[in-house]
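To start, the structure under review is shown below, and the notes come after it.
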Amino acid sequence: MKIALAGNPNSGKTTLFNAITGKTEYVGNWPGVTVEKKEAFLKTKYQISKSKVRIVDLPGAYSIAPYTGEEAITRDFVTGEKPDVIINIIDANSLERSLFFTTQLLELEIPVVIALNKQDVLKRHGDVIDSVRLGALLNCKVVETVANKGKGVRRLIEDAIEAASMKSIHTSPDLDFSIVSDEDNARQKFTGMIAQECHVSNRDTNDISLSDRLDRIVAHKWLGLPIFFLVMWAVYAFSIEGLGGFLSEYLNETVFGEIVPNAANAFFEGIDVNPLLQSLIVDGAIGGVGAVIGFLPLIMVLFFCLGLLEDSGYMSRVAVVMDRFFKKIGLSGKSIIPMIVGSGCAIPGVMATRTIEDINEKRMTTILTPFVPCGAKIPIIALFSAVFFPNASWVGPSMYLLAIVMIALGGLLLKKIFVWENTSIFLIELPEYKIPSVRHAITQMLKHAKGFIIKASTIILVMNTLVWFMQAYGWNLRPVTIQDASILASFGGIISPLLIPLGFVGWQLAAAILTGFVAKENVVATFAVLLAVASEDALYLPGGVLSGIFNPVTGYAFLAFNLFTPPCFAAIGAMNSELGSKKWLFRAIGFQLGVGYMVAMLISQIGSIIVYGETAIGFGYSIVVLVSIVFLVIRLIRKSDSNVKQVLTEAREGGI
């Protein structure tokens, strides 16, 4: 049996999906969070028969006639794959608008059961909906639910399975839309009549609510952006310098810095294991993976805080605040949604761009979304913050500020090079502010922690083992006495000359950058393997072994380099899928490489002059690179202008 969950965006479909399947799919209070259908089996406790029931969570839709790509997915599924029953989730606080889609679903000759969701919010307003009368008017069962608390869910599933088993099809007998010339207006009048008969409101719609008052401040055109930066600073201060930083410091320095390595060394020495194998396990596997896992508490605290922000309704306001700024660079508030999703992981962030109808805006957003610091980049930020900027809570938020600045400048540059114009219209629902669900925040935190641990125990573990082997052996497959003669040093040596204009010297940096393309966490893990073998100094403490490679300025430049250069291979694969063209993929990668290289070079060279009163290593080379990049950009812009003039000339000659 297949049950489809369908409804307007922000009605609670994915929350219900998670509740009845046990999944932890991403939930957000803005349209576009669900961009493709998700499927899972119904929880055992909701089963009323031995046969399995598959639940399908469909993207939000306002109408069966699709306007967006995700609405087309919903239309194609309910009309083409014919589910056994449709659970139509309705936001009880937007009854009239939701019923427009409901009446269309009732005409599909598929059993429909309505979940009248968000009853807690409705009652808080003092409003009442007569669900019995509503069911009678629509000729289908209506169940009152509060999906995020599990209220009414069991009865809803039982009614849905019963409707599917009986194949009972209900259509509205009150109006035959097929004989009406203006179907949409007729349908709106019909839904308005039903809402008026069933919905009793005790509110004066002209009253200014608390959410309205808060929005006058939080979504203010000038105050909105500073408030966002202040909020992100508080989140990062608590995550990195507060509880998360304290727990990560203990895990890094005590657990994985002393207890686990000492215990492992004592065990292997007791059973007389080969020293090379012992070094592989302790320095390679435990040292590298431990360096990443050590930041797990920090990641968990960070995503717990972000989960609270999302559930409170604040993040949808961020999209509104950003819309007026993004419009100026060819984007819209729709672009901020993939970027917010991408703060957890770049892959779903890039995938979320498919909700953008305008092809130019979609391409630009796909290229720029990986600039947002994702969870994989947090360990790099935390490591360099601890080593070079101890007790400074501004480093993490400054990465977000720098990302927004580069997204704006990058958008302007892309718009100038490709002469893109934004034609999309940004519409978003602003849910009421609410006390965020701690349960939701914990669920999101545990989901990210699970993904972090899985990646550390698979991709990062394999990569660290390979890094250890390549730094310990030469091309003749014999152990080397110095790392400079190793296989890894030869690979890093090929790339390292390109990093000199950035003020970076050493093949170790090049090696860390290369492994970072597999997974960004590998940057920290690679440093842990290479530097733990070469030195006894602690990796995470100020004045430690990293201080011999970077100073605070070049360390900050290295952070920026990893932030703006292309993301991991998996995210690049998502970019390829969304861009739909190898040509655009290579353009995107080239643009990201250029931005990351340029930003790191400027920070390193200009920062060294300002902070230390002298130029950084490779200053002369950086001038040559800067001139070359400026020349290339000017040439591309002129070529683009020439192409536009040629098109306009041909249009005039053709009488267009």
Side-chain angles (χ1 to χ4, degrees), residues 30 32 221 224-229 231-233 236 306 315 317-353 355-356 358 360-378 381 396-418 420-422 424 426 520 556-557 559-567 571-572 574-575 578-579 584 587-600 602-603 629 633:
W30 53 75
K221 64 179 181 179
L225 210 53
I227 290 173
F228 172 64
F229 292 140
V231 169
M232 294 310 299
W233 171 82
Y236 266 84
L306 292 178
M315 296 309 268
R317 271 73 182 181
V318 175
V320 174
V321 170
M322 293 298 182
D323 179 61
R324 59 175 59 92
F325 296 103
F326 276 19
K327 285 287 187 184
K328 300 181 184 300
I329 62 173
L331 298 176
S332 71
K334 283 187 176 181
S335 300
I336 194 63
I337 295 170
M339 293 174 187
I340 291 173
V341 175
S343 65
C345 177
I347 299 169
V350 169
M351 291 173 62
T353 60
T355 64
I356 302 174
D358 184 271
N360 295 328
E361 184 181 351
K362 178 181 178 180
R363 285 171 177 167
M364 194 186 300
T365 307
T366 302
I367 295 171
L368 298 176
T369 290
F371 284 177
V372 178
C374 65
K377 297 171 184 174
I378 301 303
I381 297 173
S398 73
M399 289 290 105
Y400 275 88
L401 177 59
L402 187 59
I404 291 175
V405 170
M406 292 316 302
I407 286 170
L409 295 178
L412 288 172
L413 184 59
L414 288 170
K415 182 180 180 182
K416 192 68 177 176
I417 292 175
F418 297 107
W420 284 339
E421 293 296 333
N422 184 358
S424 69
F426 177 55
K520 288 299 181 183
Y556 193 84
L559 281 181
F561 183 82
N562 281 280
L563 177 62
F564 297 120
T565 46
I572 291 175
M575 287 171 56
E578 298 307 322
L579 290 171
W584 275 106
R587 284 177 174 176
I589 293 173
F591 180 81
Q592 291 166 349
L593 277 171
V595 169
Y597 195 93
M598 189 77 168
V599 171
L602 292 175
I603 291 175
I629 291 177
V633 170

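All values reported here derive from a predicted model rather than from experimental measurement.
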Give, for atom [atom1] of [X] and atom [atom2] of [Y], the distance between the pair rounded to the nearest 0.5 Å.
X	Y	atom1	atom2	result
Thr565	Lys520	OG1	NZ	4.0 Å
Ile329	Lys415	CD1	NZ	8.5 Å
Leu331	Met322	CG	CE	12.0 Å
Ile407	Tyr400	CD1	OH	10.5 Å
Asp323	Ile336	CG	CD1	10.0 Å
Leu402	Ile603	CG	CD1	5.5 Å

Show the nearest heavy-atom pair for residues [X] and [Y], with the distance to one decimal.
X	Y	answer
Met575	Ala588	CE-CB, 3.6 Å
Arg324	Lys221	NH1-CA, 3.3 Å
Gly596	Phe564	CA-CB, 3.6 Å
Ala571	Ala346	CB-CB, 4.0 Å
Asn562	Lys377	O-CE, 3.8 Å
Val321	Gly224	CG1-C, 3.8 Å

[X] side chain near [Y] side chain, heavy-atom distance below 4.5 Å:
X	Y	result
Val595	Met598	no
Leu368	Met339	yes
Val350	Pro338	no
Met364	Ser335	no

(message) Determine whether Val341 and Met351 satisfy the following criterion, side-chain contact (heavy atoms from CB on, under 4.5 Å), listing intermediate values before the conclusion.
(response) CA-CA 9 Å; Val341 175; Met351 291 173 62; over 6 Å; no
(message) I'd like to know if the side chain of Ser343 reaches the main chain of Ile340, judged simply by a donor and an acceptor atom lying under 3.5 Å from each other, with no hydrogens or angles considered.
(response) yes
(message) Does either side chain, that of Thr365 or that of Thr353, offer a donor lying less than 3.5 Å from an acceptor on the other one?
(response)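 Side-chain D/A pair, Thr365 to Thr353: absent.
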(message) Below 30° counts as parallel, above 60° as perpendicular, anything between as tilted: where do the rings of Phe371 and Phe591 land?
(response) parallel
(message) side-chain contact (heavy atoms from CB on, under 4.5 Å) for Leu412 and Lys416? Distances and angles first, verdict last.
(response) CA-CA 6 Å; Leu412 288 172; Lys416 192 68 177 176; over 6 Å; no
(request) Start with the C-alpha distance between Met232 and Leu401, add both sets of side-chain angles, then the distance that settles side-chain contact (heavy atoms from CB on, under 4.5 Å), and finish with yes or no. (result) CA-CA 10 Å; Met232 294 310 299; Leu401 177 59; over 6 Å; no
